[in-house]
> 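My questions all concern the structure below.
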Amino acid sequence: MKITALLAALVLYSLPATAEPLMATGDLGLIVERATGSLLEVNTTHARILRRIEGLGDLSHASMVFSRDERYAFVFGRDGGLSKIDMLTGLIVKRVMQSGNAIGGAISQDGTIIAVANYTPGGVKFFDTDTLELLAEIPTGSKVVGIEDSTDNRFAFSLWENKQGEGEIWVADLSIDRKNPKITQFPNIGKQPYDALISPDGRWYVAGLFGEKGIAVLDMWHPERGVKRALPDYGRSDPTLPVYKMPHLETWAMVGNLAFIPGVGRHEVVIVDVSTWQQVGVIPVAGQPVFVIARPDGRQLWVNFAFPDYAKVQVIDVEARQVINTLQPGKAVLHMEFSPRGEQVWLSVRDGNRVEVYDTRTQKKRAELPALAPSGIFFTPRAHRFGL
Amino acid sequence: MKIAIKLPFALLFLSATLASADPSPARIKELTHFVRQECGFCHGLHLTGGLGSPLTAPALHGKDAETLIAATLHGIPGTAMPGWAPFLSNADAHWIIHALKTGFPK
């Protein structure tokens, strides 16, 4: 009897002072509301909005990465703002203006370093994830694109145009000294690299070229072998063919040995065998693809499109290599994000001011959430993957 | 970025004459959205630049309007700037450039 009372007292005593239930962050995410400079925090298990987070500045083309404990988001704003957000409280814990115009960033393998790529002034800056204190800075004299994290606390990024009008790839190695990155430069990798990706294993850094055909590939296991060109026929077949929105490469879909990549300016998804870096096929689609993303099991690809075909989304069956469904969510589907194991996908519908949640098996809509001109959707499990 | 486009004389003449009529208020609303959103992908929602050059009034100060209109409609070879002629009339492009040069509406 006494013991029971004592236990009851202990249980009562150990309850947290506030009524807030304990919460984990593994099924949370943030949705960028680009026009208002705000974020929506969401729960993906219950398809629910938790709160709106405001005061993030210019979020056109904003992206983010997550800390390895999935508690904090690091948001890269167009205006050079770097904001650290606590997913548990929805508060901006820290915010620094680190440049005049930024394009994106990455987080190191060990989770202690944030790297930000800047357009103005061109270069890369490194910050401590705890304090957002500046660790190091690499001026490049060019707009920096396609910054990606790899193994051994290395980051790879591309220079849009050096003084000679050529693109370059640089690798910064922060494994020895976080304050003195060791830089390796690879000049003349092709004209106007516009974005890049790193393969899910962190090994292959691939830059897409806008100014000429082909791609530039760097083996992060063997950087001493240099940058190699591949896919000589990939790119704009006709330089006068307009490209209304640059495709995104960061999430090139990789399934087994095959990568599925957006055709540049063409209404097709290109299939590449990455064991040989040869193009092995194309899949015709409804517009110029922007994102081609693979469901985590690799069985489906979901594709969205550039203006003027951006009201549609197409689903491709990977085995059959053909479109199996065309959805019409409405004008300006800007981004898509899968739940960690891919049973659902979230789509942002900019002009419809909503986010739509689809069951990927049936491809039927199962929820709709209001959002202000939503663009990027980012779920916390990205924390554990290279290159996201 | 330098804009160097040689235009056929006829085209210059066309855009200069057709542009005299402003687009309707409804069209202006569409164009405002179009510039902020579609152009904003590369030039920024606030038009302060990105992969594309800034399109703010100070950034465009002193730049020839007809050259900018031609770039809007026909693109700039050798750059990522596409031509938007399939979606914009001459009057549309004329209105956009003049609006940009005088401070673009929200």
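Per chain, numbering begins at 1; letters A, B, ... match sequence-line order.
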> Which atoms of A:N101 are under 4.5 Å from chain B, going by heavy atoms: the side chain, the backbone, both sets, or neither?
side chain
> Compare all side-chain heavy atoms of A:Y244 with those of B:C42 and state whether any distance is below 4.5 angstrom.
no
> Taking A:Y194 for its side chain and B:A80 for its backbone only, find out whether a donor-acceptor pair lies under 3.5 Å.
no
> Please report the shortest heavy-atom distance between A:P242 and B:P82, naming the atom on each side.
CB-CB, 3.6 Å
> Answer yes or no: is there a donor N or O on one side and an acceptor on the other, between the side chain of A:K245 and the main chain of B:F41, under 3.5 Å?
no
> Would you mind reporting whether B:T48 and A:D79 have side-chain heavy atoms less than 4.5 Å apart?
no
> Could you check whether any side-chain heavy atom of A:F210 comes within less than 4.5 Å of a side-chain heavy atom of B:T79, counting everything from C-beta outward?
no
> Identify every side-chain donor-acceptor pair in residues 31-38 of chain B under 3.5 Å, counting partners at least two apart or on other chains, and give the distances.
| from | atom 1 | to | atom 2 | distance (Å) |
| --- | --- | --- | --- | --- |
| B:T32 | OG1 | B:I28 | O | 2.7 |
| B:H33 | NE2 | A:D351 | OD1 | 3.1 |
| B:H33 | NE2 | A:D351 | OD2 | 3.2 |
| B:R36 | NE | B:P105 | O | 3.2 |
| B:R36 | NH1 | B:L45 | O | 2.9 |
| B:R36 | NH2 | B:F104 | O | 3.2 |
| B:R36 | NH2 | B:P105 | O | 3.0 |
| B:Q37 | OE1 | A:R34 | NH1 | 2.2 |
| B:E38 | OE2 | A:Y310 | OH | 2.6 |
| B:E38 | OE2 | A:R350 | NH2 | 2.8 |

